[in-house]
Amino acid sequence: MTTAPFSTAPVQSPHTANAALVARAQTHALLTLTAVAAWSLAALALVIAVGIPWHAYVAAKGVALNATYFVAQSVRGVLLAGIATAVAFPLGILCALYTQVYGAYRFRRQFSLMLDLAACIPGIAWGWFVAEIALSGPFGKQPLPDAFWLAATVTLTLLPNCARRARAALRDVPGDMVDGAIALGATRWDAFVTVSLRGSRAWLQRAALRAFTRAVCESSALLLTMRLLHLTPNTLGTSLAALTLQTLSTTPGTGAIAEYTVLDRSHVAIGALLLTIFSYALRRLERDPAHVRSEGT
Amino acid sequence: MSTEVFPNRATKGVSHTERSDRTPAVLARFAFMLVAALFLGLIGMVIWRGACAFGSGHGLDMLEVRVLVGSLVASFGITVVAFAVATPLAFGCAVRSTEQGHDRTMRVALIASRFLASVPGVVLGLLASVCAHALGNLLAAGIALGLLILPRLLWDFRRALYRVPVRDREAALALGATHATLFSELVWHLARRELTSVILRHASVAVGASACILLVPWEGQIPLPAMLFAQATERSAHEGSTVATLGVLLLTCLALQAWASRLAPESTP
């Protein structure tokens, strides 16, 4: 007796046919909607990319610009950002090392939560904090140079974020590798230097560059510190981002800009363009870690 | 059992007894204590200043309380507008990236998001101030804030969606699920908690973001960071209202972040 071979073809019925059509329509709708989102994002970016130079062109048209001023401000801003990053980033790595390696295991959740909370504090609050310490702290404002307080403001703004990013980078290294090194006799510091630091090198490079970019772009915290300490804009600590704000005065009661002259407007617009170009160039230097690159492929 | 240390790259040339963890441990503890002291110092200073101001009779009157509540509402209003702009775009791009891979559309979107991520908040604020007359303050500031958080939101959404195990995804596809079914039945349910956490974390950042709203000429209700800036720089405003504004701003940001940390899977050590 012979039996009919088992058929793998789906049974065609009105129900399955409709289900297939509905599924295909749903997928088509999903892909269409996501494509609309992606192209809208690209269009917005294009508007911004055109808008910034266009605004600079319109504002600076016919106005004699002081090139020395821009160069000096840019150098000062980069110098300030470099100092702040050089202080904040190693401290951030050490802080992450404590929360991930040296800190008591049972408190790690609390340590992580504290880092998360510290990282979400707005920059403007750190600016107020530094100014309050400068005005009423044990040191007083006078013995220390103005640039110190501005550098301290940027450093405090960066420090919790650096620690948080470094913690994320260290978490990216498989724990088995670290445990293996320790089991083979390495101390925790050796395991950190040899395994964790190497394993998370790409993330850490990226974090350092982002911290530097953020330091260059920090503006409101610096501006608040400068205003509260009555610092002149041309001190060493003036950042490149503050270039866009420093020429403006505050309208009483609104916290916003008052009238500003044509010369100021042109300087602000050119400052914004310079800042964007600088920030984009720094962003281009970043390299994605290997598994981030492979995510989309 | 032998306790001999086997030589490897980590222990090469190092005597186990010579090398100690003490110095790095002390440095790491110092760094952590510094961050903790700064964090607690800021909170403590706000509380101390507030207590001093209220103790000396410079507390808030009803009018100032009303202004403060108005600022909080304005801040939330801007944040809602920002998320209304950023979330659909970021979420759509993230879903496409995970379901469709890197096709031409996604490559363009990712290049655009990288560019947007490099535009500083103060520059977006400048553009918002230019557009404020045409769009209105709230909308202009909200769009600027939305553009500020959009790229970060996109990358965090992508990360959350990529956390869904590949084997589950492949199993669903092998059983005949379409991309739409896969997303609605599997990915959404597994990633929902982390997506919520991402939104809350970025809401905390958006409420405290000041650079992109400071340049907008506000009238009427002013958002919290701009209000804080105005009160701190104007010496006419007494200290009680400045500290109260700062306290409300910090409390809002910290509450949102604490909620986000509670939901995030990363909170487990």
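In what follows, every heavy atom counts, from backbone to side chain, and hydrogens, waters and symmetry copies are set aside. Every chain is numbered from 1, with letters handed out A, B, ... down the list of sequences.
Of the listed residues (A:A35, A:G127, A:G51, A:A42), the greatest number of heavy-atom pairs within a distance under 4.5 Å of chain B belongs to A:A35. With chain B as the partner, the residue from A:L33, A:L44, A:I182 showing the most heavy-atom pairs under 4.5 Å is A:L44. Heavy-atom pairs under 4.5 Å with chain A peak, among B:V207, B:L89, B:V46, at B:L89. Note on A:L97, A:I48, A:L159: by heavy-atom pairs under 4.5 Å with chain B, the leading option is A:I48. With chain A as the partner, the residue from B:V85, B:L42, B:V35 showing the most heavy-atom pairs under 4.5 Å is B:L42.
At a 4.5 Å heavy-atom cutoff, the contact between B:L124 and chain A is made by side-chain atoms alone. Only the side chain of B:V130 comes within contact range of chain A, with heavy atoms under 4.5 Å apart. Of the atoms belonging to A:L41, heavy atoms from both backbone and side chain fall under 4.5 Å from chain B. The part of B:L246 that comes within reach of chain A is its side chain, from C-beta onward, which places non-hydrogen atoms under 4.5 angstrom from that chain. Only the side chain of B:L150 has a heavy atom closer than 4.5 Å to any heavy atom of chain A. Contact annotation for A:A49: both backbone and side-chain heavy atoms come within less than 4.5 Å of a heavy atom of chain B. Heavy atoms closer than 4.5 Å to chain B are found in both the backbone and the side chain of A:F111. If you measure heavy-atom distances from B:L38 to chain A, the contacts under 4.5 Å come from both the backbone and the side chain. Heavy-atom distances place no part of B:I143 under 4.5 Å from chain A, backbone and side chain included. In this structure, chain B has a heavy atom under 4.5 Å from the side chain of A:L113, while its backbone stays farther away. Interface remark: B:L40 contributes no atoms to any contact with chain A (heavy atom separation under 4.5 Å). For B:L254, the parts lying near chain A are the backbone and the side chain together; criterion is any non-hydrogen pair under 4.5 Å. Neither the backbone nor the side chain of B:A177 comes within contact range of chain A, judged by heavy atoms closer than 4.5 Å. Contact annotation for B:L34: only side-chain heavy atoms (C-beta onward) come within less than 4.5 Å of a heavy atom of chain A.
Counting heavy atoms from C-beta on, the side chains of B:T242 and A:W128 come closer than 4.5 Å. Looking only at side-chain heavy atoms (C-beta outward), A:L94 and B:R29 stay at 4.5 Å or farther from each other. Two residues are said to be in side-chain contact when any heavy atoms from C-beta on lie closer than 4.5 Å; B:L249 and A:I124 meet this criterion. In this structure, B:F229 and A:L223 have side chains that are in contact, with non-hydrogen atoms separated by less than 4.5 Å. Side-chain contact check for A:L46 versus B:F115: every heavy-atom pair is 4.5 Å or farther apart. Inter-residue side-chain proximity for B:S118 and A:T213 is flagged as unmet; no heavy-atom pair is nearer than 4.5 Å. Side-chain contact between A:Y280 and B:V119 is absent, with no heavy-atom pair separated by less than 4.5 Å.
For A:S220 against B:S210, the heavy-atom pair with the smallest separation is OG-OG, 2.6 Å. Listed here is the closest heavy atom pair of B:A28 and A:Y102: CB-CD1, 4.0 Å. A:S219 and B:A211 make their closest contact through OG-CB, 3.5 Å (heavy atoms, listed as atom of the first residue, atom of the second, distance).
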- Message: Working note: A:I133 + B:M45, criterion side-chain contact (heavy atoms from CB on, under 4.5 Å); need CA distance, chi angles, decisive distance, verdict.
- Response: CA-CA 9 Å; A:I133 290 176; B:M45 185 170 274; 4.1 Å; yes
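In B:W259, the CH2 atom is not crowded: 12 or fewer heavy atoms of neighbouring residues, nucleotides or ligands sit closer than 6.0 Å.
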Can you give each donor-acceptor pair under 3.5 Å made by side-chain atoms of residues 115-123 of chain A, sequence neighbours left out, with the distance rounded to 0.1 Å?
| from | atom 1 | to | atom 2 | distance (Å) |
| --- | --- | --- | --- | --- |
| A:D116 | OD1 | A:R164 | NE | 3.2 |
| A:D116 | OD1 | A:R167 | NH2 | 3.0 |
| A:D116 | OD2 | B:S261 | OG | 3.2 |

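In this structure, the side chain of A:R283 engages the main chain of B:A117 through a donor-acceptor pair within 3.5 Å.
Between the NE2 atom in A:H55 and the CG atom in B:L127 there is a gap of 6.5 Å [rounded to 0.5 Å].
Screening residues 31-40 of chain B for side-chain hydrogen bond (donor to acceptor under 3.5 Å, both in side chains), with sequence neighbours left out, gives no hits.
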